[in-house]
**Student:** 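Below is the structure I would like to discuss, written out as structure tokens.
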Amino acid sequence: MQTYDHKKIEKKWQKVWEKKKLFKALDPKKTAAKKTAKATLPAKKFYALIEFPYPSGDGLHVGHIRSNTAMDIISHKRRREGYDVLYPIGWDAFGLPTENYAIKTGIQPAIVTKTNTDNFRRQLKSLGFSFDWDREINTTDPKYYKWTQWIFLRLLDAGLAYKKRMTINWCPKDLIGLANEEVIDGKCERCGTAVEKREKEQWMLAITKYADRLHKDLDAVDYLEQIKTQQRNWIGRSEGVNFKCKIKDLGITVEMYNSVPQTYCAETFTVIAPEHPLVEKLVKGTSYEKPVLELVAKIKQKKLENKFDIDTDLEGIFTGRYIENYAGLGRDLPIWVASYALADYGSGMVNCSAHDERDYKFAKKYSIPLHEVAEPLAVTVGGDDAFRHDMPIVERNAVVCIVKHWAEDKYLCVSLKGVKWQGFVVGGIEKGEEPSVAGVREIAEETGYTSAHFEKILGGTIHAKFYQVAKGQNRFAHFTPALFKLKNGDRREITEEEKNVHESMSWLTAAEVDAFLTHEGMKLVWDRVVGRSKPAVKNGILIEPKEFKGREWSEVRNDIIEHLVHKGIATRAVNYKLRDWVFSRQRYWGEPIPVVHCDKCGIVPVPVKDLPVKLPKVKNYKPTETGESPLAAIDSWVNTKCPKCKGKAKRETDTMPNWAGSSWYYLRYTDAKNKKEFAAADKLKFWTPVDWYNGGMEHTTLHLLYSRFWHKFLFDQKLVPTNEPYAKRTSHGLILAKGGEKMSKSKGNVVNPDGIVEAVGADALRLYEMFMGPFDQAIAWDENGIVGTRRFIERVWKLREKVALDTKKSKAGVLQEVAGNTTSAEADKLVHRTIKKVSEDIETMHFNTAVSALMIAVNEMEKMPTISQDHYGIILTILAPFAPHVADELWASMGNKKSIHTEPWPVFDPAKIADANITIPVQINGKTRTRFEFPATDIAGMTDAQAEAYVKEKALNLDGIKDKVYSNNIKKVIYVKGRLINFVIG
RNA sequence: GCCGAAGUGGCGAAAUGGCAGACGCACAGCACUCAAAAUGCUGCGAGAGCAAUCUCAUGUGGGUUCAACUCCCACCUUCGGCACCA
């Protein structure tokens, strides 16, 4: 027997498979033809899909191999179960890294992409994946993106693509629009210049029109619950009401969504002085700057300061929370600023979540009722008693002052935004609770305020105790309550433990803020309170309105909605968090958006016959100084004729985002070379939906949502036969670098699989990646374990010597025909149990335990003097999907002419896996003391009661049991049929 | 901050509410060898004991149960996503 030479074997079999086109997916017509000719080919299909890789310069990542091997195993199994399998591969090659590389080096992105895909293809082939390479696609191929552009035109035609003014990140030094990823701490990643906001018209896709279906249809697909939950959260459906708020003096009506009952119970309203410097600062550079400033002018002109009011019969509290990611402001805005944002972006943009149940419960638990705070800052506004909250915005030298009556937020709380309090002072908060810690420490330098400031302000008169509620990012938590008493707090040195707490957020009382600001020479801005002062909720029980008095508000939610609707205050509404998709990029390396701008005709789509609109070659890949894509600089390309009026027109210079090409690629695989259509209807009908789609956890929201959206649109256009693209979706965990960090070129911790394939072989690497840990969990890369799977392969190889080859040629896999071989019941049991375990584990993606089962089988077989050809053959056939090369080699060495990958998948025989003996653990008070074994035949004909009596009697006579258990001290006997017996003694 | 996931030996990890640590790595001893490597055999959570055996142990604190890694509540820590990275 030769020694195991992985290099020779792997190369050999890869060639054989490719030559015989062993893994080619057969299209419907051919299938039908073959079926009549041979009558063996199945009509049942299986479409296995992995996310097509982005061919980066780093080369193949070990994480790609994890996902690809898993679906490869499943594909192999399905083929051998008689399915016609489609397992395709391609390249998602448009994207920022390639473009940035081009900017730096001047090398054309198309050339970089060619080099990278060639490398990826070589690497993937070296791993022996059973892809159908004839269907390889590339999103940057004009033959492919022609159809991406075509789909865009359909969207445009259907009114789902539109233009809108938006802000983008802009680096004033590099004169380039930046992706979010390129902005670090508000600065440009490359040059460190502070990033500015710029206005730009952007193409949008109205994915929100599909929000309802994207949400609802999740019920009908077989996705991991985790994925469904994430998608649902992302879409963010909630049912509530729209309130109409009229600002009387200004004649403005604002409609705001709220998820109800708390809103109804609260009575205050947050406003801000129009002359406040904050106003301008907050809105400057934003798309709602204009209306807000207009409003400010209007207020000033009307001399309405301090007077504008809200319709009080609404009894609503509104605090507009403007979502940071979008506006780039990251703070709560006063309502009327927010309302403009709302009008601008639609109802999905503003979210009054501060009042939801969660926050309420949180507040209830952690807040100090106002009356327990030593000196509540009582103020009088319009004759009513109220409490003042001052919200300083430190980095802007400004304070928003809020005054509230008793309301659901009767807990005094004020937030300091933009301040990283590094464990300033910490104290207990709940009533009667002793302060766990206290002390003073420097406030983060960035605030410019040191503890000395506070010592000065607070020392002597007020001792502050802060409670660190949230360790987290530097965000505003509006109704997160607070935090500290003012009375006689002790100060202690801060402990080591506390010193380790970073970036905590703390809250100050109004009194302290007031003192602090006065000291700093700042003034409090005016405030205004509207509404009536009645406590509405007490301990979670409603007091007002009368109709619901005494009830838990969370229980009467729907009744309150009804009530509000009935009173005509509000209308029922469904709210989604989902926002429309910003579809344009001011970049070169993407699909050109196929429209032209004509002075006469406006936006005109490029006729389908003129597609694709090809990307021209350019010299400089940097975006232009005006914020347009580099395409704008190529006059010969930009200047064109209007397809409608034949007059002068200019091409759209924006390109599509990366998500475009990946939103429909799985459809193209079904008919990758079609020149007339994006895919032929009969092929789509045969192959779609994708039966099993596996990919990264990081794609469970965006990519999945975008492609589901496109698919649903295409379904509505009667272009695809199914409502959902993927029947089943699973996710794999990331493979991290050794320290648990993400692998990245910049950190220099990327593992190149080439060296491993060279050293131990693709089979060992594939086995290792399946064995290293649970498939769905993130795992740190550790090369040391590979020797284990390599040794395992060598043991399988060596085991070949024990196989009795003198028996006549048998058909392994067909278990009924085993007769004639030397077999034993024990060996049968082992092999059949392994078939069962491996088959089940593949279906549930528990690949680590599947490999372990194979290892156990081999360990056991090593102990046997000889192994039958069938038993060895079966082990090889179930090992084959994991280690395809060595399995085929050994299979051939047994005299088999056909590839192991065409063998039927073995089926286990339940009769052969049954145990002859039953082992029963014996417990005393739930703790296992001993166990005993008896032949299964002993209790074979017994009733359950008889069997129990039999086991009980045997167990009671065991050493170590009989001396501890007497019939008089047994309280209870628990017998779990065939599993264990437990004596409860007292 | 919001959403999601995870926490078990020196390490990667197994365990339908029913024998905690399968399988693998590392390590130690032995065999083979002039020697080393490779390979094979044995041992391998912690503590006590000559031993049989006993006690403790699945992030922390409670709870449910005859029985909890598993279910419930609260907390701590780590990781992932958050809309222009893909």
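All heavy atoms count here, side chains included; hydrogens, waters and symmetry mates do not. Just so it is clear: chains get the letters A, B, ... in the order the sequence lines come, proteins before strands, and each one is counted from 1.
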**Student:** Tell me yes or no: between the side chains of A/Tyr223 and A/Thr730, is some donor less than 3.5 Å from an acceptor?
**Tutor:** no
**Student:** Let me spell it out: for each of A/Ile779 and A/Lys837, pick the nucleotide of RNA chain B with the closest heavy atom. Which residue's pick is nearer the 5' end?
**Tutor:** A/Ile779
**Student:** Could you go through nucleotides 20-30 of chain B and list every protein N or O atom that sits under 3.5 Å from one of its N or O atoms, giving the distance for each pair?
**Tutor:**
| unit_1 | atom_1 | unit_2 | atom_2 | d |
| --- | --- | --- | --- | --- |
| B/G24 | OP1 | A/Asn859 | ND2 | 3.1 |
| B/C25 | OP1 | A/Arg791 | NH1 | 2.6 |

**Student:** Measure the distance from CZ on A/Phe583 to C1' on B/C84 and round it to the nearest whole Å.
**Tutor:** 13 Å
**Student:** Fit a plane to each ring of A/His699 and A/Trp659, take the angle between them on a 0 to 90° scale, and name the class: parallel (under 30°), tilted (30 to 60°) or perpendicular (over 60°).
**Tutor:** perpendicular
**Student:** Taking atom C1' in both B/G4 and B/A13, compute the distance separating them and give it to the nearest angstrom.
**Tutor:** 23 Å
**Student:** Without hydrogens or angle criteria, can the side chains of A/Thr849 and A/Asp841 be said to hold a donor-acceptor pair below 3.5 Å?
**Tutor:** yes
**Student:** I need the CG-C1' distance between A/Leu702 and B/C3, as an integer number of Å.
**Tutor:** 13 Å
**Student:** Does A/Ser584 or A/His846 map to a spot on RNA chain B nearer the 5' end, using the closest nucleotide for each?
**Tutor:** A/His846
**Student:** Determine the Euclidean distance between corresponding P atoms of B/C69 and B/G63; express it in Å to zero decimal places.
**Tutor:** 15 Å
**Student:** What does A/Gln586 touch in the nucleic acid at a heavy-atom separation under 4.0 angstrom: a base, only the sugar-phosphate, or nothing?
**Tutor:** base
**Student:** When you measure from the side chain of A/Gln777, which nucleotide among B/A6, B/A86, B/C66 comes out closest?
**Tutor:** B/A6
**Student:** Look at the side chain of A/Asn982 against the base of B/C66 and say whether a donor-acceptor pair falls under 3.5 Å; ignore hydrogens and angles.
**Tutor:** yes
**Student:** Given the P atoms of B/G17 and B/A68, what is the spacing between them in whole Å?
**Tutor:** 15 Å
**Student:** Answer with yes or no after comparing the ring centroid distance for A/Tyr665 and A/Phe52 against a 6.0 Å cut-off, counting only values under it.
**Tutor:** yes
**Student:** Please measure how far the P atom in B/A20 lies from the corresponding atom in B/A15, and state the result in whole Å.
**Tutor:** 16 Å
**Student:** Select base, sugar-phosphate, or nothing to describe what A/Leu96 touches, counting heavy atoms under 4.0 Å on all strands.
**Tutor:** sugar-phosphate
**Student:** Where does B/G9 land, syn or anti, given syn is within 90° of 0?
**Tutor:** syn
**Student:** Side chain of A/Leu578 only, heavy atoms from C-beta on: which candidate in B/G18, B/C66, B/A83 is closest?
**Tutor:** B/A83
**Student:** Considering only atom P, compute the distance from B/C84 to B/U77 and round it to an integer number of Å.
**Tutor:** 32 Å
**Student:** Are A/Asn982 and A/Tyr975 packed together at the side-chain level, in the sense that at least one heavy-atom pair is separated by less than 4.5 angstrom?
**Tutor:** no
**Student:** What do the steps show when you test A/His732 against A/Asn694 for side-chain contact (heavy atoms from CB on, under 4.5 Å), and what is the final call?
**Tutor:** CA-CA 7 Å; A/His732 60 263; A/Asn694 184 74; 3.1 Å; yes
**Student:** Going by atom types only, do A/Thr148 and A/Trp664 share a side-chain donor-acceptor pair under 3.5 Å?
**Tutor:** yes
**Student:** Does B/G18 have OP1 or OP2 sitting under 4.0 Å from an N or O in the side chain of A/Arg979?
**Tutor:** no
**Student:** Find the distance A/Arg587:CZ to B/C85:P and express it as a whole number of Å.
**Tutor:** 10 Å
**Student:** Could you tell me which residues satisfy side chain to side chain donor-acceptor pair (under 3.5 Å) with A/Thr139, sequence neighbours excluded, listed by chain and number?
**Tutor:** none
**Student:** Between A/Tyr4 and A/Trp797, is the ring centroid distance below 6.0 Å?
**Tutor:** yes
**Student:** Between A/Glu794 and A/Arg790, is the salt bridge (Lys or Arg N to Asp or Glu O under 4.0 Å) condition met? List the steps.
**Tutor:** CA-CA 6 Å; A/Glu794 283 170 11; A/Arg790 164 75 193 201; 2.6 Å; yes
**Student:** Out of B/C85, B/G4, B/A13, which nucleotide sits closest to the side chain of A/Pro774?
**Tutor:** B/A13
**Student:** With A/Phe932 as reference, evaluate A/Ile920, A/Ile918, A/Thr919 under the side chain to side chain contact (heavy atoms under 4.5 Å, CB included) test and give the passing residue.
**Tutor:** A/Ile920
**Student:** With a 4.0 Å cut-off on heavy atoms, is A/Met697 in touch with a base, just the backbone sugar-phosphate, or nothing at all?
**Tutor:** nothing
**Student:** Kindly point out which of B/G80, B/A83, B/A86 is positioned nearest to the side chain of A/Asp92?
**Tutor:** B/A86
**Student:** Suppose you measure atom C1' in B/C44 against the same atom in B/G81; what distance do you get, rounded to whole Å?
**Tutor:** 41 Å
**Student:** In which ranges does RNA chain B form stems of 3 or more consecutive Watson-Crick or G-U pairs, distances under 3.5 Å?
**Tutor:** B:1-7 with B:76-82, B:10-12 with B:23-25, B:27-31 with B:39-43, B:45-48 with B:53-56, B:59-63 with B:71-75
**Student:** Using atom C1' in both nucleotides, what's the gap between B/U33 and B/G40 to the nearest angstrom?
**Tutor:** 14 Å
**Student:** With sugar-phosphate meaning primed atoms plus P, OP1 and OP2, does A/His699 contact a base, only sugar-phosphate, or nothing at under 4.0 Å between heavy atoms?
**Tutor:** base
**Student:** What's the gap between B/A26 and B/A38 when it is taken at their P atoms, as a whole Å value?
**Tutor:** 9 Å
**Student:** Taking the side chain of A/Trp659 as its heavy atoms from C-beta onward, which of B/G4, B/C84, B/C66 lies nearest to it?
**Tutor:** B/C84
**Student:** Give the rounded distance in Å between these two atoms: NZ of A/Lys977 and C1' of B/U16.
**Tutor:** 16 Å
